[in-house]
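Okay, structure first, notes after.
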Amino acid sequence: MTTSFHDLTRGLRLEVSGLGVVYANGHRALSGASFSLTGGTICGLVGPNGSGKSTLFKSMMGFVRPSAGVVTINGGPVREALKAQVVAYVPQAEEVDWDFPVSVWDVVLMGRYGSMNFLRRARLADRLAVEESLRRVSLWEFRDRQIGELSGGQKKRVFLARALAQGGRLILLDEPFTGVDVQTEEAIIILLRELRTSGCIIVVSTHNLGSVPEFCDQAVLLNKTVLACGPTASVFTEQNLTAAFGGVLRHFHFERSTIQSHDGRSVKIMTDDERPLVFGKDGHLEYKDREGRESLIDERRRRETEAER
Amino acid sequence: MMELCHDLLVPLQYDYMVRALVVSALIGVVCGFLSAFVTLKGWSLLGDALSHAVVPGVALAGLLGWPLAAGAFLTGVLATGAMALIKVKSRLREDAVMGIVFTTFFAAGLLIISLTPGAVDRKTIIFGNILAIADRELLQVVVIAVVTLVVLGCKWRDLMLFCFDAAQARTLGLPVVVLHGVLLVLMSATVVAALQAVGAVLVVAMLVTPGAAAHLLTDRFGRMMWVAAGLGGGCALVGAYASYFFDGATGGCIVTLQALVFGVVFLWAPRHGWLAERRRARRRSGSGEAQEVLL
């Protein structure tokens, strides 16, 4: 069982079935939540505040005991997966004590503790893994900095590097793009795509709707239970999102807007914080750029012309 | 000059004084080591609560002729358990829960002491009395110190990760519950040891001040542990020595000295001291102006 966790030729498999979680104070955070993912994939976990995103994360890390249902990783219990260093977690920036006296190097080395000996003394292999991870997120030059002395984007990348050094195959990211500049966001997305190619499952918890279609292959829509799951384009419909978010979302309709065909015309939308989610005239998702999505757009164009006929 | 030297060496002529100096230094080093974890984990208040909660245990142990450490440990664990239970089962905040539990235990301790005059000396428990430490207590202190140093020496990296990011420790498959327990047990044990030196009221200073000062002095955890241990041991040694000249207020001397050291560090620490931060802030706003001029 344990060996199959690191079988790079096969994708990892995460299965959540009938998961229910009730906290000690009686609060029911999740009930009957089911979905499954097979690596490599990037999956967005989307829902309003209090929808159970962090509870679902905690269940995948074995922090909460389900009152119903089960989470399995490659068919085995979460506990075994943790022991085999399969699960890596990238925390939200707010959860970290940035004044803690540790350097960037120290933090990334912590990712290796699970596979070190009793005294946690770093061996050559550990140091090499840390160096490679730091170089991959372009933080090698900053390895001796105390973590509080980094910029917002660098801070995020330290913990991503820690997940890389750990060698996790199920990587959980909590709100990775809050307080991060656009360049860092793109760098992170490129890295996540590389991990996907190597068969990892990357689960990204976010309330930033607009970014999900840009980089997530799949999405799980959550509100106390799984409302929808599958390929992003089929999950992200106006109907599903309204069901998940209720009245929380603001809607802006551009009646007779300039976006009526896919080439030539464009509309610019400015927002102070998050990337907006844009739907086309017939309810399909609009993407920021077409790269990699040419077939999708061809498909739409074909349908349009058919409809005109 | 000769006379001054002679006066300063007087304490070392007494066996009880030399013993008190060595024991104080040992307690100071152990508490200092542990204070690095306590301050970073945010357990300073818990340390205060524990140091009060052990009082009824010490009183009972004195009454029953048990080793003081055993009694202290028992009520320390009881109090921690009570706090955890009330916190989970009520909507109250942690500080309120702590306030209630530790004062309750402390009050119970005072009550036991006052109801059984002569069994235990109230002043010894509350203010400590390192100068009159009995052989049996001395042995306890040494055992506690050695065990604590060995455990910290072997598992400090795990405990550091637990303090820094318990969630990560858990995803790495580390036994977080055990680590939590180990840190609590070490804390209770050192509280008992420090009780002898400075008394219940001032124990928390031994568990917080060295770590806090060390945190302002360094950006690496390993170094912080050593600095905290050194500060704790040094202050305890010098404080106990000075107390000879102040007629026995050992706890007061040690903790006052710690506070003085902390004050100096707070002001003049090279990077994180108040003055350094202010200098940096001024330089930053200065360069901001320069840029504006360039634009």
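Note: hydrogens, waters and symmetry copies are ignored here, and every other heavy atom, side chains too, is used. Residue numbering restarts at 1 for every chain, and letters A, B, ... go by the order of the sequence lines.
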Would you indicate whether A:Arg123, at its atom CZ, is surrounded by more than 12 heavy atoms from other residues, nucleotides or ligands within a distance under 6.0 Å? no
Step by step, would you call B:Arg170 with A:Met61 a side-chain contact (heavy atoms from CB on, under 4.5 Å)? CA-CA 8 Å; B:Arg170 211 151 180 169; A:Met61 294 188 280; over 6 Å; no
Decide if atom CD of B:Glu94 counts as having more than 12 heavy atoms of other residues, nucleotides or ligands within a radius under 6.0 Å. no
Would you say NZ of A:Lys224 has more than 12 non-hydrogen atoms from neighbouring residues, nucleotides or ligands within 6.0 angstrom? yes
Using a 6.0 Å cut-off, check whether atom CD of A:Glu141 has over 12 heavy atoms from anything other than its own residue. yes
A:Trp98 atom CH2: more than 12 heavy-atom contacts under 6.0 Å: yes
Residue A:Glu149 versus chain B: region with a heavy atom under 4.5 Å: side chain
Taking side chain as everything from C-beta outward and backbone as N, CA, C, O, which of these in B:Thr218 sits under 4.5 Å from a heavy atom of chain A? Side chain, backbone, both or neither. backbone
side-chain contact (heavy atoms from CB on, under 4.5 Å) between B:Met224 and A:Val102, intermediate numbers included: CA-CA 10 Å; B:Met224 176 175 162; A:Val102 281; over 6 Å; no
Contact part of A:Val78 toward chain B, heavy-atom cut-off under 4.5 Å: side chain, backbone, both or neither? neither
Select, from A:Arg145, A:Arg162, A:Arg79, the one with the greatest count of heavy-atom pairs under 4.5 Å involving chain B. A:Arg162
Closest approach of B:Leu40 to A:Asp97 (non-hydrogen atoms, all atoms of both residues): O-OD2, 4.3 Å
For atom CG of A:Asn49, decide whether the heavy atoms of other residues, nucleotides or ligands shown that lie under 6.0 angstrom number more than 12. no
Supply the atom-to-atom distance A:Leu119 CG to B:Asp158 CG, rounded to the nearest 0.5 angstrom. 9.5 Å
Which one of A:Asp144, A:Val90, A:Asp106 has the most heavy-atom pairs closer than 4.5 Å to chain B? A:Asp144
Examine whether an atom of A:Phe118 lies under 4.5 Å from a heavy atom of chain B, and if so say whether it belongs to the side chain, the backbone or both; otherwise answer neither. both
Please step through side-chain contact (heavy atoms from CB on, under 4.5 Å) for the pair B:Leu172 and A:Arg112, ending with a clear verdict. CA-CA 8 Å; B:Leu172 291 175; A:Arg112 306 284 304 174; over 6 Å; no
Short side-chain to backbone donor-acceptor contact, B:His215 and A:Phe100, under 3.5 Å: no
Could you tell me if the side chain of B:Leu174 sits less than 4.5 Å from the side chain of A:Arg120, heavy atoms only? yes
Count the heavy atoms belonging to other residues, nucleotides or ligands that lie under 6.0 Å from CH2 of B:Trp226, then report whether that count exceeds 12. no
By a 4.5 Å heavy-atom criterion (distance strictly below it), what part of B:Asp219 contacts chain A: side chain, backbone, both, or neither? both
Give, as side chain, backbone, both or neither, the part of A:Ile147 having an atom under 4.5 angstrom from any heavy atom of chain B. side chain
Would you verify whether the NZ or CZ of B:Arg157 falls within 45 degrees of the ring axis of A:Tyr113 while also being under 6.0 Å from that six-membered ring's centre? no
Please find the pair of heavy atoms, one from B:Ala167 and one from A:Phe63, that lie closest to each other, and give the distance. O-CZ, 3.4 Å
To the nearest 0.5 Å, atom CZ of B:Arg220 lies from atom CD of A:Gln146 at 7.5 Å
